[in-house]
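Below is one structure, written out as structure tokens; comments come after it.
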Amino acid sequence: MPLRDHFRPPVAKAASWEAVHGGWPMVIVLSLARKLPRQYVAVPRVHLGAYFEVDVAAHKKENGQNTTTVPETDGGVATAVWAPPQPTLSIATDLPALDEYAVHVYDNEREQRLVAAIELVSPANKDRPEHRRAFAAKCAALLQNQVSVTIVDLVTIREFNLYEELLDLIGQTDPALGAAPPLMYAVACRATKPGAEPSDPWQLDTWLRPLQLGMALPTLPLWLADNLSLALDLEESYEETCKALRIS
């Protein structure tokens, strides 16, 4: 079945792009559940705007002041209040609010270590330079931790290529992008260290597939380990999503 333009009529009138992006991750999860070895689990991740996770060891805050605990002389615990100096910079700003439509794959035999991420690009990921940098930085950080990253970009209303921005961030280029990088594309990326020494250089492998309206989506490798990959059939899960949303 053909790839549709979910950002313009007539398809956009039948179902919003948010419905497709919001539903697709769970369909991918269901597809991967039939293929993943038992030690791996895939989970959907969908949230809008600013998001962060707080470590369980985060310091407490009481009455707007930073606090830490110190032992009392009688063996109890007291709270010591510290008044910090004035900030060296205090300005109103707009921090990047990242949309995330993604699937994460974890290895349960390695304490639920994240091993793969599938990122569906949203218009908000591409609408400002700071958003594009933040998306590229997130992908680069995942790769540096040897998490394979797949980027799927169906957005037709923003003329930026986030795969190119990722490569630019790490000082690399891909001749396959050409002078005019594709508006829509899917790319699988992984970073490995073929050498045995910590000082040995990283090796980045990518599988780029330009997308076109009216054409089927590709199958890409989803890397779970250096020597283990699965076939990520984007066409199958995309069509299942469209079928569920009654998009013809």
Side-chain angles (χ1 to χ4, degrees), residues 1-25 27-28 31 44-46 48 98-103 116-129 131-136 138-140 142-143 148-169 172-190 204-222 231-245 247-248:
M1 294 292 289
L3 173 61
R4 294 84 157 170
D5 187 344
H6 297 278
F7 299 87
R8 296 186 175 92
V11 178
K13 289 185 176 181
S16 67
W17 70 264
E18 291 99 331
V20 177
H21 277 56
W24 198 359
V27 179
I28 294 175
S31 176
R45 288 176 63 90
V46 176
L48 306 178
L98 290 182
D99 289 357
E100 183 175 32
Y101 298 90
V103 173
I118 304 166
E119 300 283 343
L120 307 181
V121 176
S122 79
N125 297 144
K126 302 169 70 172
D127 64 355
R128 301 182 188 180
H131 291 179
R132 298 193 293 274
R133 286 194 299 269
F135 184 93
K138 177 178 72 169
C139 292
L142 289 170
L143 290 169
S148 69
V149 176
T150 301
I151 303 172
V152 183
D153 188 349
L154 308 185
V155 179
T156 59
I157 56 175
R158 298 284 188 272
E159 296 185 359
F160 296 97
N161 187 297
L162 295 180
Y163 169 55
E164 181 182 38
E165 301 245 357
L166 168 62
L167 292 178
D168 184 66
L169 179 67
Q172 301 296 331
T173 59
D174 185 345
L177 287 172
L183 181 65
M184 297 184 298
Y185 59 93
V187 61
C189 312
R190 70 163 182 170
L204 177 67
D205 300 320
T206 67
W207 292 260
L208 174 66
R209 300 290 185 270
L211 305 180
Q212 291 183 356
L213 295 176
M215 303 296 290
L217 275 72
T219 296
L220 294 174
L222 180 69
L232 177 62
D233 189 339
L234 294 173
E235 175 68 13
E236 177 189 48
S237 58
Y238 171 73
E239 282 303 322
E240 285 294 320
T241 303
C242 290
K243 181 180 178 180
L245 295 172
I247 301 173
S248 58

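Nothing here was measured: the structure is a model prediction, and the numbers come from that model. FYI, the numbering just counts along the sequence from 1.
- Interatomic distance, CD1 of I151 versus CG of L120, reported as 11.0 Å (0.5 Å rounding).
- With sequence neighbours excluded, the residues that form a salt bridge (Lys or Arg N to Asp or Glu O under 4.0 Å) with K138 are E100, E119.
- For T206, the side chain to side chain donor-acceptor pair (under 3.5 Å) test picks out Y163, with sequence neighbours left out.
- Minimum heavy-atom separation, H6 to C242: CE1-SG, 4.0 Å.
- For S237, the side chain to side chain donor-acceptor pair (under 3.5 Å) partners two or more places apart in sequence, or in a different chain, are W24.
- The backbone N or O of P2 lies less than 3.5 Å from a partner atom in the side chain of R4, making a donor-acceptor pair.
- For A19, the side chain to side chain contact (heavy atoms under 4.5 Å, CB included) partners two or more places apart in sequence, or in a different chain, are S16, L245.
- Pairing each heavy atom of L142 with each of A117, the nearest pair is CD1-CB, 4.0 Å.
- For S148 against R190, the heavy-atom pair with the smallest separation is CB-CB, 4.2 Å.
- Between L166 and A136, the shortest heavy-atom contact is CD1-O, 3.5 Å.
- Distance OG1/T150 to CH2/W207: 9.5 Å, rounded to 0.5 Å.
- Residues forming a side chain to side chain contact (heavy atoms under 4.5 Å, CB included) with A176 (at least two apart in sequence, or on another chain): D174, L208.
- Every residue meeting the side chain to side chain contact (heavy atoms under 4.5 Å, CB included) condition with P181, not counting sequence neighbours, appears here in chain and number order: N161, E164, L177.
- For the atom pair L154 CG and S122 OG, the distance stands at 11.5 Å (nearest 0.5 Å).
- The CD1 atom of I247 sits 9.5 Å away from atom CD of E239, with the distance rounded to the nearest 0.5 Å.
- The CG atom of L234 sits 6.5 Å away from atom CD1 of I28, with the distance rounded to the nearest 0.5 Å.
- For Y101, the ring-ring contact (aromatic ring centres under 6.0 Å, His included) criterion is met by W17, H21, not counting sequence neighbours.
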For side chain to side chain contact (heavy atoms under 4.5 Å, CB included), just list the numbers for L183 and E159, CA-CA rounded to whole Å, side-chain angles, deciding distance to a tenth of an Å, and then say yes or no.
CA-CA 6 Å; L183 181 65; E159 296 185 359; 4.0 Å; yes
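- Here L217 contributes atom CG and D233 contributes atom CG; the two are 9.0 Å apart, rounded to the nearest 0.5 Å.
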H131 and N125: CA distance, side-chain angles, deciding distance, side chain to side chain contact (heavy atoms under 4.5 Å, CB included) verdict:
CA-CA 5 Å; H131 291 179; N125 297 144; 5.8 Å; no
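- Taking every heavy atom of both residues into account, A186 and L211 meet most closely at N-CG, 3.9 Å.
- Partners of D127 by salt bridge (Lys or Arg N to Asp or Glu O under 4.0 Å), not counting sequence neighbours: none found.
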Hey, mind stepping through K126 and L162 against side chain to side chain contact (heavy atoms under 4.5 Å, CB included) and telling me if it holds?
CA-CA 7 Å; K126 302 169 70 172; L162 295 180; 3.8 Å; yes
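- The side chain to side chain donor-acceptor pair (under 3.5 Å) search around R132 returns E165, not counting sequence neighbours.
- Between P25 and V103, the closest heavy-atom pair is O-CG2, 3.3 Å.
- Just one of V155, V152, L213 meets the side-chain contact (heavy atoms from CB on, under 4.5 Å) condition when paired with M184; it is L213.
- When the side chain to side chain donor-acceptor pair (under 3.5 Å) test is applied to D5, the partners found at least two apart in sequence or on another chain are R8, T156.
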